[in-house]
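This one's a predicted model, so the numbers in the text were calculated from it and none came from an experiment. In listed order, ligands and their atoms are each counted from 1.
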Amino acid sequence: MLALENIDVFYGAAQVLHGVSFSVAPGEVVALAGRNGAGKTTTLKTMAGFLTPASGRLILNGGSVSGVTPEYMNREGIAYVPEDRQIFPTLTVDENLSIATIVRRSGPNLWTKAQVLELFPRLAERRTAYGQALSGGEQQMLAIGRALLTGPKILLLDEPTEGLAPIIVNAIIDAFREIAANGVGMVFVEQNFRVPELLSDRYVILDSGSVVWSGDRAEFANSRDTVTRLLTDLGRTQA
Ligand SMILES: Nc1ncnc2c1ncn2[C@@H]1O[C@H](COP(=O)(O)OP(=O)(O)OP(=O)(O)O)[C@@H](O)[C@H]1O
Ligand SMILES: [Mg+2]
């Protein structure tokens, strides 16, 4: 279980997160939504150990991990897939996947390369293609596959479906369901609820660095209008 407790984060003198609290458990899918600049990426980077909270606590399995390194978080099973995916352009799909196994955690039931290729058959077809030759969707699948090979307990994904064709988005949604069914917790960032409402267990909406709404599937269903209006209003505020 990974939790943020009343987290404040600053860039220099500018406070960007204000008292953010929420958590993700094994096998749980949490959607983190909000308009441009709401603090979604900052929140994910904090959870991955790239940013240190000025106050509040980052809790992993009951213990405080505020201020640890990203390498530490990765070894503890927190995998971060950044928005720009960071595929190695001059390595093949196969080599990109092999590299992930270097930083692989030890433990039972870790994902294998064969399982990743089964999860994303498109990657199996593209095994010998170079990173730079991949489409955006293939790169995203590769980035997720690479993260899985490190043996994550929690996967943090920044706008994984942004700009992708609907058929690819569907493949990624199916993969997320399977990953969660295998016990991996997920926090994924989106700007709207089109994808999250198909698979999320819990929803967190950020605005100006604060959580302005959160709820589970039932609460989301009951508050659909409020949530939709809230996100739409947030969009309008920005314009
Ligand atoms: N390195 C930085 N230095 C200073 N300010 C930053 C930095 N990165 C982000 N910010 C500011 O922090 C706020 C939150 O940014 P963040 O990237 O977390 O938002 P976001 O919700 O991910 O936005 P987007 O939807 O555009 O990806 C914004 O006001 C942004 O301008
Ligand atoms: Mg962002």
Side-chain angles (χ1 to χ4, degrees), residues 2-24 29-58 65-70 73-74 78-87 136-137 139-141 143-144 146-147 154-164 168-169 172-173 176 185-200 202-215 220 227-239:
L2 180 63
L4 300 165
E5 270 183 19
N6 214 13
I7 291 271
D8 291 341
V9 172
F10 289 72
Y11 290 117
Q15 184 167 0
V16 171
L17 296 186
H18 303 265
V20 170
S21 300
F22 71 92
S23 64
V24 54
V29 183
V30 177
L32 185 61
R35 65 175 172 127
N36 288 329
K40 305 179 297 293
T41 297
T42 302
T43 302
L44 276 199
K45 283 185 175 167
T46 303
M47 297 174 90
F50 289 98
L51 296 168
T52 301
S55 58
R57 295 199 308 166
L58 184 64
V65 286
S66 310
V68 302
T69 62
M73 291 304 275
N74 201 262
I78 310 302
Y80 172 59
V81 180
E83 198 174 1
D84 65 5
R85 300 158 192 149
Q86 293 176 6
I87 297 306
Q139 282 184 33
Q140 188 62 53
M141 292 173 185
I144 295 168
R146 209 171 53 176
I154 309 271
L155 206 48
L156 307 172
L157 305 123
D158 202 347
E159 305 209 25
T161 68
E162 212 233 318
L164 303 184
I168 305 290
V169 172
I172 287 176
I173 290 170
F176 282 2
M186 257 180 279
V187 179
F188 76 109
V189 162
E190 292 286 335
Q191 295 210 6
N192 57 56
F193 275 124
R194 270 199 305 276
V195 173
E197 70 185 353
L198 297 174
L199 78 159
S200 301
R202 217 133 46 77
Y203 303 82
V204 176
I205 304 182
L206 281 178
D207 187 37
S208 301
S210 297
V211 175
V212 290
W213 193 90
S214 68
F220 178 75
V227 169
T228 306
R229 194 170 54 244
L230 185 55
L231 273 181
T232 312
D233 284 346
L234 295 174
R236 210 177 291 137
T237 316
Q238 182 202 5

Problem set entry | Member of T43, V187, L44 meeting the side-chain contact (heavy atoms from CB on, under 4.5 Å) criterion with D158 | L44

Problem set entry | Which residue and heavy atom of the protein sit nearest atom 29 (O) of ligand 1, plus the separation | G37 O, 3.9 Å

Problem set entry | atom 7 (C) of ligand 1 touched by protein (heavy atom, under 4.0 Å) | yes

Problem set entry | For atom 19 (O) of ligand 1, closest protein heavy-atom neighbour | G39 N, 3.2 Å

Exercise. Hey, are the side chains of I168 and T161 touching, using non-hydrogen atoms and a 4.5 Å cut-off?
Worked result: no

Seminar exercise, completed: atom 25 (O) of ligand 1 has as its nearest protein heavy atom K40 NZ, 2.7 Å

For this session: Identify which one of D8, L17, L4, T46 satisfies the side-chain contact (heavy atoms from CB on, under 4.5 Å) criterion when paired with P53.
Result: T46

Exercise. With a cut-off of 4.0 Å, which atoms of ligand 1 are near a heavy atom of R35?
Worked result: 21 (O), 25 (O)

For this session: Report yes if the side chains of V227 and F193 come closer than 4.5 Å at any heavy-atom pair, otherwise no.
Result: yes

Exercise. Within a strict 4.5 Å, meaning less than it, do heavy atoms of the E159 and K40 side chains meet?
Worked result: yes

Exercise. Are any non-hydrogen side-chain atoms of P160 and E190 less than 4.5 angstrom apart?
Worked result: yes

Exercise. For atom 13 (C) of ligand 1, what's the nearest protein heavy atom and its distance?
Worked result: V16 CG1, 3.5 Å

Exercise. What are the atoms of ligand 1, with element, lying closer than 4.0 Å to any heavy atom of Q191?
Worked result: 25 (O)

Exercise. Identify the closest protein heavy atom to atom 27 (O) of ligand 1: which residue and atom is it, and at what distance?
Worked result: E159 OE2, 3.7 Å

Exercise. Any side-chain heavy atom of Q86 within less than 4.5 Å of one from Y80?
Worked result: no

Exercise. So which of T42, T46, L32 gets nearest to atom 15 (O) of ligand 1, if we judge by its closest heavy atom?
Worked result: T42

For this session: Provide the number and element of each atom of ligand 1 under 4.0 Å from a heavy atom of A38.
Result: 19 (O), 20 (P), 21 (O)

For this session: For the Mg ion (ligand 2), decide whether T42 has an N, O or S atom at a distance under 2.8 Å.
Result: no

Seminar exercise, completed: Residue, atom and distance of the protein heavy atom nearest atom 5 (N) of ligand 1 read Y11 CD1, 3.4 Å

Problem set entry | Closest heavy-atom pair and its distance - S21, N6 | OG-N, 2.7 Å

Exercise. Any idea which atoms of ligand 1 are less than 4.0 Å away from a heavy-atom of T41?
Worked result: 17 (O), 18 (O), 20 (P), 22 (O), 27 (O)

Problem set entry | Side chain to side chain, L58 and M73, heavy atoms closer than 4.5 Å | yes

